[in-house]
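Position 1 is the first residue of the sequence, and the numbers go up from there.
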Amino acid sequence: MKGLKDRLSEHAAVVAFGASALVFGVLSVMKARHPVALVPVVREFVPQGSRIEPKEIRWVASSAVMSAPAGQFKGYAKVPLFPGEILSPVEVGRFSSKTVIVAISPTYSIDANVAVPGSAVDVLVMGSRGVVWESGPLPVVSTSVGSSAPASVNVTMPLAKALTYERLRTGGQVELMGMTS
């Protein structure tokens with residue numbers, strides 16, 4: 001035993017260096033246990049203007065994309081969201097208190113076929129002398145086509161525009177025009 005002790009004391013520096021190299025090597029290979037950053041990814045299509053539910057978001061780990069607090073993903077889709085798309089807080093927000101959802105029932109039900117959730121439509125009120133009122137592009141939230149009830153398209157628009165539409169719609173025919181993107 002004394003021989004081993006003498007040999008170790010003669011080579012103490014080498015033994016200490018070897019032990020420290022071993023510890024350094026093990027610690028270098030081990031990954032630090034930091035919380036994994038999660039990135040929100042849309043599970044299914046969410047039309048523009050639709051409320052985003054927690055079940056529609058899948059959180060995946062990623063070191064290549066910056067994470068964001070979950071509280072920033074409450075509200076409505078500002079743009080159409082597609083499955084597998086990584087969500088950004090810029091794409092989710094609140095409607096202005098002056099934005100409303102309006103159900104548009106076109107005079108001819110077939111006009112409602114140009115509306116697709118997530119796209120935009122232009123609403124026209126046609127009078128005997130031509131266009132009485134035109135909305136400009138409005139985001140389509142949802143549609144109700146093909147049931148026994150009259151066709152209806154839900155769009156978002158500023159409150160002032162909605163009030164004007166409600167006032168003028170009874171004075172003519174309501175038509176929808178699809179918008180190309």
- Applying side-chain contact (heavy atoms from CB on, under 4.5 Å), run through Asn113 and Asp111 and close with a yes or a no. CA-CA 5 Å; Asn113 291 331; Asp111 283 359; over 6 Å; no
- Item | In one Ile/Leu/Val/Met/Phe/Trp/Tyr side-chain cluster, 4.5 Å: Val174, Leu163 | yes
- Sequence-distant partners of Thr143, side chain to side chain donor-acceptor pair (under 3.5 Å), two or more places apart: none
- Query: Which distance, rounded to the nearest 0.5 Å, do you find between the CG of Leu159 and the OG1 of Thr164?
  - Reply: 9.5 Å
- Quick one: side chain to side chain donor-acceptor pair (under 3.5 Å) partners of Ser142, sequence neighbours excluded? Asn154
- Query: Got a sec, which pairs hit salt bridge (Lys or Arg N to Asp or Glu O under 4.0 Å) with one end in residues 150-166, sequence neighbours left out?
  - Reply: Glu166-Arg169
- Message: Any heavy-atom pair between the side chains of Ile57 and Val42 that's under 4.5 Å?
- Response: no
- Message: Show the nearest heavy-atom pair for residues Val123 and Leu176, with the distance to one decimal.
- Response: CG2-CD2, 3.6 Å
- Other hydrophobic cluster members with Tyr108, side-chain heavy atoms of Ile/Leu/Val/Met/Phe/Trp/Tyr under 4.5 Å, chained? Ile110
- Note on the structure: Residues Lys55 and Arg43: closest non-hydrogen pair is O-CD, 3.0 Å
- Minimum heavy-atom distance between Glu134 and Leu124, given as atom pair plus value: CG-CD2, 3.3 Å
- Please identify each residue that fulfils side chain to side chain contact (heavy atoms under 4.5 Å, CB included) with Ala112, with sequence neighbours left out. Pro106, Val145, Ala151, Val153
- Item | Atom of Ile104, atom of Met157 and distance for their closest heavy-atom approach | CD1-CE, 4.2 Å
- Item | Side-chain touch Pro158/Thr99, heavy atoms, less than 4.5 angstrom | no
- Could you go through the side-chain contact (heavy atoms from CB on, under 4.5 Å) check for Met126 and Val131 one step at a time? CA-CA 5 Å; Met126 303 294 289; Val131 178; 3.5 Å; yes
- Task: Provide the closest heavy-atom pair for Val114 versus Met177 in the form atom of the first, atom of the second, distance.
- Result: CG2-C, 4.0 Å
- Contacts of type side chain to side chain contact (heavy atoms under 4.5 Å, CB included), residue Ser105, not counting sequence neighbours: Ser152
- Message: Quick check against the 3.5 Å criterion: does Ser135 have a side-chain atom that pairs as donor or acceptor with the backbone of Asp122?
- Response: no
